[in-house]
Protein chains: 2
Amino acid sequence: MSVDFSLYNKVFENRIRLQIMSVLMANEGYDFSSLKDLLDVTDGNLASNLKTLEKEGYITVEKSFVDRKPNTRYKRTDKGAKAFENHLSALENLIKQQYK
Amino acid sequence: MSVDFSLYNKVFENRIRLQIMSVLMANEGYDFSSLKDLLDVTDGNLASNLKTLEKEGYITVEKSFVDRKPNTRYKRTDKGAKAFENHLSALENLIKQQYK
DNA sequence: TCATTTACTTTGTTTTTCAAAGTTCTTTGG
DNA sequence: CCAAAGAACTTTGAAAAACAAAGTAAATGA
């Protein structure tokens, strides 16, 4: 009757965090400035949403220098991948339900 | 490369509103107390989220008496159905992208 | 050495969420 | 007929979340 929402994850309720994880699922890693271009957000906003994901243990951060410029690279963790897949399952249930 | 998010709708970023619309897509109508039981929210919270959907023109409200008790019944509008389907499309793109 | 770029952090405002309490309308029991 | 009760709110206010803007650090380039 009703859709199972137990796998729904509030961390991914935010559009920016949802998109960040989506990008990090499709790519092994992605850097700060590329994310910024892709998602069209201010750097402060992006940084704080990345921090939220990091605090949850969903992504890792690696700082280095590329072309003599600072470069910060983000990657999903296994925990993050699992959590995201679970969340997508909840959404998938919602979508499927429509045809029931 | 990146997922199309143009159909993403901020109104449905909230879990409760997302679930309400989901229920109203699968059912012609649904009443207040049944929604309350289903979604496990306080009546104030439910009422305010229903009002948000009503203000957007996504649902309609009909009040009557059933078994001598007040009964409020909610239905999706065409506009609401369209907006919700669009939003699900955006989510579907996100899910599909994972297998690319 | 001074400006510039990247990737933040801090600050503070605005927006959103939500619970709790109060209100209205109608029915029912005494 | 009056009080109590239940449904469905509305109001109030507090807490959390979202963001923009400005400030900062570290390294490089001119």
Side-chain angles (χ1 to χ4, degrees), chain A residues 5 8-24 27 29-76 83 87 90, chain B residues 5 8-24 27 29-76 83 87 90:
Chain A
F5 253 64
Y8 189 86
N9 189 332
K10 209 153 193 300
V11 174
F12 302 123
E13 209 168 58
N14 173 283
R15 191 211 102 209
I16 295 164
R17 291 193 297 270
L18 188 71
Q19 287 188 289
I20 291 168
M21 275 311 284
S22 173
V23 169
L24 294 185
N27 302 273
Y30 223 80
D31 62 39
F32 188 88
S33 59
S34 304
L35 275 176
K36 206 184 126 183
D37 293 344
L38 195 65
L39 305 185
D40 193 36
V41 277
T42 58
D43 53 355
N45 190 354
L46 178 58
S48 85
N49 281 120
L50 284 164
K51 176 126 299 182
T52 299
L53 291 170
E54 196 193 344
K55 274 185 188 154
E56 292 287 332
Y58 291 173
I59 62 173
T60 56
V61 186
E62 279 168 45
K63 287 154 194 283
S64 66
F65 275 76
V66 174
D67 295 333
R68 317 248 153 177
K69 282 178 291 181
N71 180 278
T72 311
R73 195 167 178 79
Y74 300 91
K75 293 182 178 178
R76 66 178 180 275
H87 184 71
Chain B
F5 252 63
Y8 188 86
N9 190 331
K10 210 154 192 299
V11 174
F12 302 122
E13 211 168 57
N14 173 283
R15 191 211 103 209
I16 295 163
R17 291 192 296 271
L18 189 70
Q19 287 187 290
I20 291 168
M21 274 312 284
S22 173
V23 168
L24 294 186
N27 302 273
Y30 223 79
D31 63 41
F32 188 88
S33 60
S34 304
L35 275 176
K36 208 184 124 183
D37 293 345
L38 195 64
L39 305 185
D40 194 36
V41 276
T42 57
D43 53 357
N45 190 354
L46 179 56
S48 84
N49 282 120
L50 285 165
K51 175 126 300 184
T52 298
L53 291 171
E54 196 193 345
K55 274 185 188 156
E56 292 287 334
Y58 290 174
I59 63 173
T60 55
V61 186
E62 278 167 47
K63 287 157 194 279
S64 66
F65 274 76
V66 174
D67 293 335
R68 316 250 156 173
K69 283 179 287 182
N71 181 278
T72 310
R73 195 165 180 80
Y74 300 90
K75 294 183 178 178
R76 66 178 179 275
H87 184 70

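Please read these numbers as outputs of a predicted model, since none were measured by experiment. Every chain is numbered from 1, with letters handed out A, B, ... down the list of sequences.
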Scan B:Leu46 against the nucleic acid and name what it touches under 4.0 Å (heavy atoms): base, sugar-phosphate only, or nothing. nothing
Taking only residues two or more places apart in sequence, or in another chain, which ones meet A:Asn49 in a side-chain hydrogen bond (donor to acceptor under 3.5 Å, both in side chains)? none
In short, salt bridge (Lys or Arg N to Asp or Glu O under 4.0 Å) pairs touching residues 10-20 of chain B with sequence neighbours left out are B:Lys10-B:Glu13
Pairs in or reaching into residues 47-63 of chain A: which pass salt bridge (Lys or Arg N to Asp or Glu O under 4.0 Å), with residues at least two apart or in two chains? A:Glu62-A:Lys75
Any A:Asn14 side-chain nitrogen or oxygen under 4.0 Å from OP1 or OP2 of D:dA17: no
Quick one: is A:Thr42 getting a side-chain N or O under 4.0 Å of the D:dA20 phosphate, OP1 or OP2? yes
Rounded to whole Å, please give me the gap between [atom1] in [X] and [atom2] in [N].
X: A:Leu39; N: D:dC19; atom1: CG; atom2: C1'; answer: 15 Å
X: A:Phe12; N: D:dA17; atom1: CZ; atom2: C1'; answer: 17 Å
X: B:Glu13; N: C:dT15; atom1: CD; atom2: P; answer: 16 Å
X: A:Arg15; N: C:dT16; atom1: CZ; atom2: C1'; answer: 17 Å
X: A:Leu53; N: D:dA18; atom1: CG; atom2: P; answer: 11 Å
X: A:Ile20; N: D:dC19; atom1: CD1; atom2: C1'; answer: 14 Å
X: A:Leu18; N: D:dA17; atom1: CG; atom2: P; answer: 17 Å
X: B:Asn49; N: C:dT15; atom1: CG; atom2: P; answer: 18 Å

Residues which pass side chain to side chain contact (heavy atoms under 4.5 Å, CB included) with A:Ser34, listed by chain and number, not counting sequence neighbours: A:Tyr30, A:Asp31
Once the angle between the rings of B:Tyr58 and B:Phe12 is folded into 0 to 90°, is it parallel (under 30°), tilted (30 to 60°) or perpendicular (over 60°)? parallel
List in chain and number order the residues that pass ring pair (Phe, Tyr, Trp, His ring centres under 6.0 Å) with B:Phe32, two or more places apart in sequence or in another chain; answer none if no residue qualifies. none
For A:Ser22, does its backbone N or O pair with a side-chain atom of A:Arg76 as donor and acceptor, under 3.5 Å? no
In the 5'-to-3' direction, what one-character label does each nucleotide of nucleotides 5-15 of chain D receive under the scheme B = base within less than 4.0 Å of a protein heavy atom, S = sugar-phosphate only, - = no such atom? --SBBB-----
